[in-house]
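Input: a single structure, listed below in structure tokens.
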Amino acid sequence: MGRYVVRRIIQAIPVILGATFLIYALVFLLPGDPITALAGEKRADPTVVAVLQERYHLNDPFFVQYWYYLSHLFTGDFGEDYRGNAVVDVMSAAFPYTINLALTALGIEMAVGVTAGVAAALKRGRFIDNVVMISTLMVISIPVFVIGFVLQLVLGVKLKTDYGFDFFPVSFNEEAGFRSYLMPAYVLASTSLAYVARLTRASLIEVMRADYVRTAVAKGLSPFRVVVRHGLRNALIPIVTFLGMDLGGLMGGAVITEGIFNIPGVGHQLFQSVYLRERTIVVGIVSALVLVYLFANLVVDLLYAVLDPRIRYE
Amino acid sequence: MRLTKTMRWTALAACTALAISACSTSGGKSATDQASGGSGKKGGSISVELGEPQHGLVPQNTAESEGSEVLNALFSGLVEYDNDTSVPKLRVAESIESPDATTWTIKLKDGYTFHNGEKVTAKSFVDAWNYGANQDNAQEALPFFDKILGSDELAPGKGKTPATKELKGLKVVDDKTFTVTLKAPFSQFKTMLGYNAFFPLPAAFFTDPKAFDDAPIGNGPFQIDGKWEHNKQIKVKRYENFPAAEGKAKLDTVTFKIYEKLETAYNDLRADTIQITDKLPVSAMATVASEFGDRYIYKPESGVGYIGFPIATNPAFANADVRKAISMAIDRESITKTIFSGTRKPADDFISPIIPGYRKGALGDVAKYDPAKAKALFTQAGGLPGNTMEIGYNADGGHKEWIEAVGNQLKANLGVEVTYKPFEKFGAILTALGDKQYSGAFRMAWSMDYPSAENYLRPIFSKIAIDNGSNYGGYVNEEFEALLAKADSAKTDEESLKLYQQADDVLIKDVPYIPIYTYMSSAAYTKTVKNVKVNAQGQMDLANVELA
């Protein structure tokens, strides 16, 4: 098991390197010069542009620029953006918000999604099943930004102005703390939540037909024990896989949600940085996201053994 | 009875909102200050909308609206502009005089200090300008210093290093006086001085310029409170030692809350989380007037939108009559009404309506929608080769709709085949035009740096603006140049204005760009604040805002 983990970690290194190279190349290939992008709608003075291009090696060929970046990276220096801010600072300012948001979303997804899925599976074809199936279908088919803006307007604005109920801040607000995350996390989780519910339902229905469940029922175990210990435990494997993949997706996919709720997180930063051609920031953030993804996958693979003792590593 | 019930709810909501905003923005301090206020209420805290500034908060390195909004609160310049008339008024300067529009003597008022206690002296200005004019410092506002004698030595161009660090044209006479010598007469110099590039810098800046980016030390009505929290907020508080009673801040603190989306900011405004926004999302336009009533500010601002032509590189557009015909075939009224729902006004002069020197209807026939005449003139002038025309626009700024409307009108009225070329952003069009890779017509806009008629002429249509400004069409007219030069050296404001208007007449004859609309600034504020004004640059005058 220990060797397995070490091997997986070593395997991650070329993946990370490949990812930084690809991202660097992609941002490099985007049309538009980062220095003029900084000037916004007005024309940047040609002399100033020339001085800055020189300073950031922007006139050098791609591989030379990439080498500058990489050689700094090996010394632990992520570089700075074209405004002179250290990329590490930019990233460490943004990541905590996205991690909080993604974990809250993951929590909502697990709690609500699995519960709804179990309820639907156990009452298959009944009212509760129909409610779950129809509502999840609706959530899947409505674009995230629509859900976001509607909730913001209803829970954030209307509730406060019309009823004086000020629980959900319209936009992210440091003082409101955890409350600030609830609405955006729900919006971020909504689509995956629907998938989790449907996946749980399908998987549990499948498992409940299995011989060992029939045996457990025949032994006279309590229905709760049958469902949770024998049914759900086995049904969880595809769900855990989905959730693990989804954590990476949630962190990367926060662009829209963070935009709507003005959360100063990674998605927001990434969007801005791509727009401004801030290569160093884009590469830094994306590499970090790749790391999260790889790590989540590793955790998922290790969890399999917990859920199903027959799975062995080596 | 239905009325009373609604009123009760509204009152309840308003009270809750008030209570919440009071404790959420300032830790309860505002409540006591508000009570002890007396006449000309002082104290209180508010939040306002802002977009993330592009650069560190150094006045010489800021050319965009978000950063300058903050700088305006933190710094006071030699002059400032009247909120209503845009006329420059002396602020830190006691007097700004010149016998010949070339040598200017600037005297400072007593009592102005930086937020760290350092006195604002002649040196504070001279050092700041020398810094801004030096290309090694790569400051965005560098071109603003090119009128001053010696600027070429500090900015010799690509690949060269400046031999000196001081502008020849700047001389400190004493603590309170300095002189500026320009390369050539420039009557508008005084007007220019309210622009943030000309703000002073304290000695502390030069010892650690990097620290200034996030926590600038200014000389304005507000001082920074803590540091700029990137993508989150910038907090400022009243500077108690601001010497002038008029212009001293009334509020205790202002938080610039940084937004990515205007829609979110607008929802926060409706929920009274922020109290003022000077930018509204397009989606709000339909309802904002009814929702905010007289707390909705709607007035012309400095921007002008054009259709431009690469006259120098594309001979198809070289004939002024063709351009004029295109202009006459565009129905500005319907575009501003239907596409912009009244958030723009049809342009009728090259000079913006808020600037002294603007003449209503100056464009005359050129801007009058007359399809029949347009068609006749177009045919008579020989039309366009292949009877086709391309219009480029940047796809990131909501320009697709009106550009396509213009295209449809040209198709219908002139019978030309119009195609469109979306660019990812405005900078991409500018680069393509600069590199001569694009030769179609293009969407263009200009907003002023300082409120002078000159600022709508030279930076866009003069010869020197081909390399250093926004003359992307490559338009050159010697008569126009001569009139500008004459206006620059005029002895009185009236005389210079008259000459600038004559230069404007040359443009109206030549139509190098077609002015389509002027921008309107739209701002809104909540019931909890009053005395909210927006100046010609679309910035809030925060020093005068009070709690209601």
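Chain A is the first sequence line, chain B the second, and so forth, proteins listed ahead of strands; every chain is numbered from 1.
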At a 4.5 Å cut-off on heavy atoms, which part of [X] comes close to chain A: side chain, backbone, both, or neither?
X        : result
B/Pro53  : backbone
B/Glu424 : side chain
B/Asn61  : neither
B/Ile429 : neither
B/Glu52  : side chain
B/Asp136 : backbone

- Task: Assess B/Arg443 against B/Phe426: is NZ or CZ under 6.0 Å from the centre of the six-membered ring, and within 45 degrees of the ring's axis?
- Result: yes

- Note on the structure: In short, A/Tyr97 meets A/Gly265 closest at the heavy-atom pair CB-CA, 4.0 Å

Mind ranking [options] by heavy-atom pairs under 4.5 Å with chain A and telling me who comes out on top?
options                                : result
B/Gly469, B/Ala428, B/Gly56            : B/Gly469
B/Ile258, B/Asp214, B/Asp213           : B/Ile258
B/Lys257, B/Lys232, B/Lys158, B/Lys160 : B/Lys232

- Measuring heavy-atom distances to chain B, does A/Glu258 have an atom under 4.5 Å in its side chain, in its backbone, in both, or in neither? backbone

What about the rings of [X] and [Y], do their centers lie closer together than 6.0 Å?
X        : Y        : result
B/Tyr472 : B/Phe442 : no
A/Tyr181 : A/Phe172 : yes
A/Phe62  : A/Phe21  : yes

- If only atom types and distance count, is the side chain of A/Ser180 paired as donor or acceptor with the main-chain N or O of A/Asn173 below 3.5 Å? yes

- Do the non-hydrogen side-chain atoms of A/Ile142 and A/Ser190 ever get within less than 4.5 Å of each other? no

- Note on the structure: Most heavy-atom pairs under 4.5 Å with chain B, out of A/Asn262, A/Thr47, A/Val48, belong to A/Asn262

- Query: Of the listed residues (A/Pro169, A/Ser171, A/Ala50), which shares the most heavy-atom pairs with chain B below a 4.5 Å separation?
  - Reply: A/Ser171

- Query: Can we say B/Lys210 and A/Glu80 salt-bridge, meaning some charged N sits less than 4.0 Å from an Asp/Glu carboxylate O?
  - Reply: no

